[in-house]
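All figures in this text were calculated on a predicted structure; none of them were measured in a lab.
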Amino acid sequence: MTTPQSTQSGTSGHRELLALAAPIAATQLAQVALTTTDTVMLGLLGAEALAAGGLAIVLFNQIRTMGVGMVTAVGNQVAAATARGERAAAARGARPDGTDGEVRDLLHAAFLLATLAGLAGAALLVGAGYVLPWLGQDPTVSSAARAMLIALAPGLLPCLWFQVVRQYTVGMRRPKALVLITGSSVAVNVGLNWALVHGVAGLPRLGIAGIGAATSAVYLLTFLTLYAMTRRDPLLAGGLSVRAWRAQPATVRRLAGLGTPIAATYGSEAGFFSVVALIMGSLGSAALAAHTAVNQLVYIVFQVTVGLSHAASILVSREVAGHRPAAAVGIARTALIQGALTMTVVGAVYLVVPSLVLAPFFDPATPTSENGLAIAGTLLLIAAGLQFADTAQNIGVGLLRGLDDTRSGFRLTVIGYWAVGLPLVWVLARPLGLGAAGAWLGLACGLAVTAGLLLRRFHRVLATLHPTA
């Protein structure tokens, strides 16, 4: 199997990082669009459907995100395997051809982990639907949410299988097909949503459950499409194998050991922001509305950072496996520079045209919206600075993953989010009386501390692995 060449420094290094990060970020943005279309369709069905469907989507996204974390390290392992193959081949004076077996072993283990995580997650989703009434939720809303959760649950399996193949293509630095596939899935999702909700073209009329069924069907179609395209790629076909039953126990344990802290990190971060939302809700409906709007803007921009984080992580894995620590440091620097430049442009937009940015979220004709818009304007100013810290901490997690140090990433994010960020959010918002602005200042401080801890840890671990770095 032929493999890409090693990462270059300087201008070519910037280009290579962007070439890998851009399609990953575009795929992330398309996935955000997928859930957005579901939310819009729920809104068309009425407030009760929106409440029930929104609750189901939150639970599904929590489980899905943690499942994705279990297989995220596959891309790094594939990148490292191909780099080792290149290095061994160079030492023999031959073309690299010895990594297919190692890569197939990784994919066997990854598909087994994805299947187990998907089955466990599906069971949790179905069970959650029956527990909702015991958690104080309205019985009608709980019943509708349960129907949607049952329809969403089967989609976890192909969703996680898709992520395994995605990580493989990213690890091999050939992710371009992802943009086309994920973008097309948005259009398919819209059509299936409408058809299954209303029973069009002979399909059953499922109501809110139809949105869940459509999403599950789209996940299956996207997995099958990506798998078929990957099988036709001459570079990727040799290492691709879905035979989970052939997984080696040692490889499964290694991937699980790397993936579990990543899943915990993703879950911890989602939980942290959920608690912040509860604190904002305690400040009133206007504060919560402002938080929801600005947080959604930050979340959309965050997908660009995800692309940089994954790309930097993959490239660091390759350089470390190839014994090029200086190049790994260069990748980290390049990713942070590109992230800072992106956030500078976004922040400038926030500062120059805040009313335009916030207009889609508020109707100034209502008093609550008017108050929420005023608060959101302040939060948007804070967000312009907060996003630099958010970008740096996300890239830091990816850099540590590139060193196979996922446990430190989890530990340090817990310190930054929960030990520093959350207390500051509460103290600044409530006892010190700064309200919503204080909560977001505390959020920014927590992210900044997390970023500092992660980047310091990256340089220390790299120096330990390669004292000359």
Would you give the length of the straight line joining atom [atom1] of [X] to atom [atom2] of [Y], rounded to the nearest 0.5 angstrom?
X    : Y    : atom1 : atom2 : value
M229 : R231 : CE    : CZ    : 14.5 Å
S268 : R411 : OG    : CZ    : 13.5 Å
N61  : L152 : CG    : CG    : 9.0 Å
T72  : L255 : OG1   : CG    : 11.0 Å
Q338 : L18  : CD    : CG    : 3.5 Å
I63  : L149 : CD1   : CG    : 10.0 Å

Over all atoms of both residues, closest heavy-atom pair of [X] and [Y]:
X    : Y    : value
A335 : L308 : O-CD1, 4.1 Å
S216 : P158 : O-CG, 4.4 Å
T265 : G409 : OG1-C, 4.1 Å
L462 : P325 : CD2-O, 3.8 Å
A128 : L59  : CB-CD1, 4.3 Å

Contacts table for residues 379-399: side-chain donor-acceptor under 3.5 angstrom, sequence neighbours left out:
unit_1 : atom_1 : unit_2 : atom_2 : d
Q387   : OE1    : Y350   : OH     : 3.1
D390   : OD1    : Q393   : NE2    : 2.9
T391   : OG1    : T305   : OG1    : 3.2
T391   : OG1    : Q387   : O      : 2.8
Q393   : OE1    : Y417   : OH     : 2.9
Q393   : NE2    : D390   : O      : 3.4

> After noting the C-alpha distance and the side-chain angles of M70 and I262, does the key distance pass the side-chain contact (heavy atoms from CB on, under 4.5 Å) rule?
Replying inline: CA-CA 7 Å; M70 285 299 299; I262 299 174; over 6 Å; no
>> W161 vs T115, test: side chain to side chain donor-acceptor pair (under 3.5 Å). Steps then yes/no.
In response: CA-CA 7 Å; W161 293 337; T115 301; 3.0 Å; yes
Contacts under 3.5 angstrom, residues 444-458 side chains, donor-acceptor by atom type, not counting sequence neighbours:
unit_1 : atom_1 : unit_2 : atom_2 : d
T450   : OG1    : G446   : O      : 2.8
R457   : NE     : D405   : OD2    : 3.1
R457   : NE     : S408   : OG     : 3.0
R457   : NH2    : S408   : OG     : 3.2

Only pairs under 3.5 Å count here: list side-chain donor-acceptor contacts from residues 219-227, not counting sequence neighbours, and write none if there are none.
unit_1 : atom_1 : unit_2 : atom_2 : d
T222   : OG1    : V218   : O      : 3.0
T222   : OG1    : Y219   : O      : 2.9
T225   : OG1    : L221   : O      : 2.7

Pairs under 3.5 angstrom only: tabulate donor-acceptor contacts from the side chains of residues 423-443 to other protein residues two or more places apart or in another chain.
unit_1 : atom_1 : unit_2 : atom_2 : d
R430   : NH1    : S282   : O      : 3.3
W440   : NE1    : H291   : ND1    : 3.0

For residues 238-251, run the donor-acceptor check on the side chains, cut-off 3.5 Å, and write out each pair with its distance to 0.1 Å, sequence neighbours left out.
unit_1 : atom_1 : unit_2 : atom_2 : d
S241   : OG     : H108   : NE2    : 2.7
T251   : OG1    : D105   : OD2    : 2.5

> Given V357, which of V349, L351, V352, V294 fulfils the side chain to side chain contact (heavy atoms under 4.5 Å, CB included) condition?
Replying inline: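 Considering V349, L351, V352, V294, a side chain to side chain contact (heavy atoms under 4.5 Å, CB included) with V357 is found only for V349.
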> Just wondering, are more than 12 heavy atoms of other shown residues or ligands nearer than 6.0 Å to CZ in R407?
Replying inline: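 No, CZ of R407 has 12 or fewer neighbouring heavy atoms, counting only those of other groups under 6.0 Å.
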> Passes side-chain contact (heavy atoms from CB on, under 4.5 Å), L106 versus R254? Steps please.
Replying inline: CA-CA 10 Å; L106 286 167; R254 177 158 60 93; 3.7 Å; yes
> Quick one: side-chain hydrogen bond (donor to acceptor under 3.5 Å, both in side chains) pairs with a partner in residues 306-317, sequence neighbours left out?
Replying inline: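 Qualifying pairs, neighbours excluded: N76-S313, N76-S317, H310-R401.
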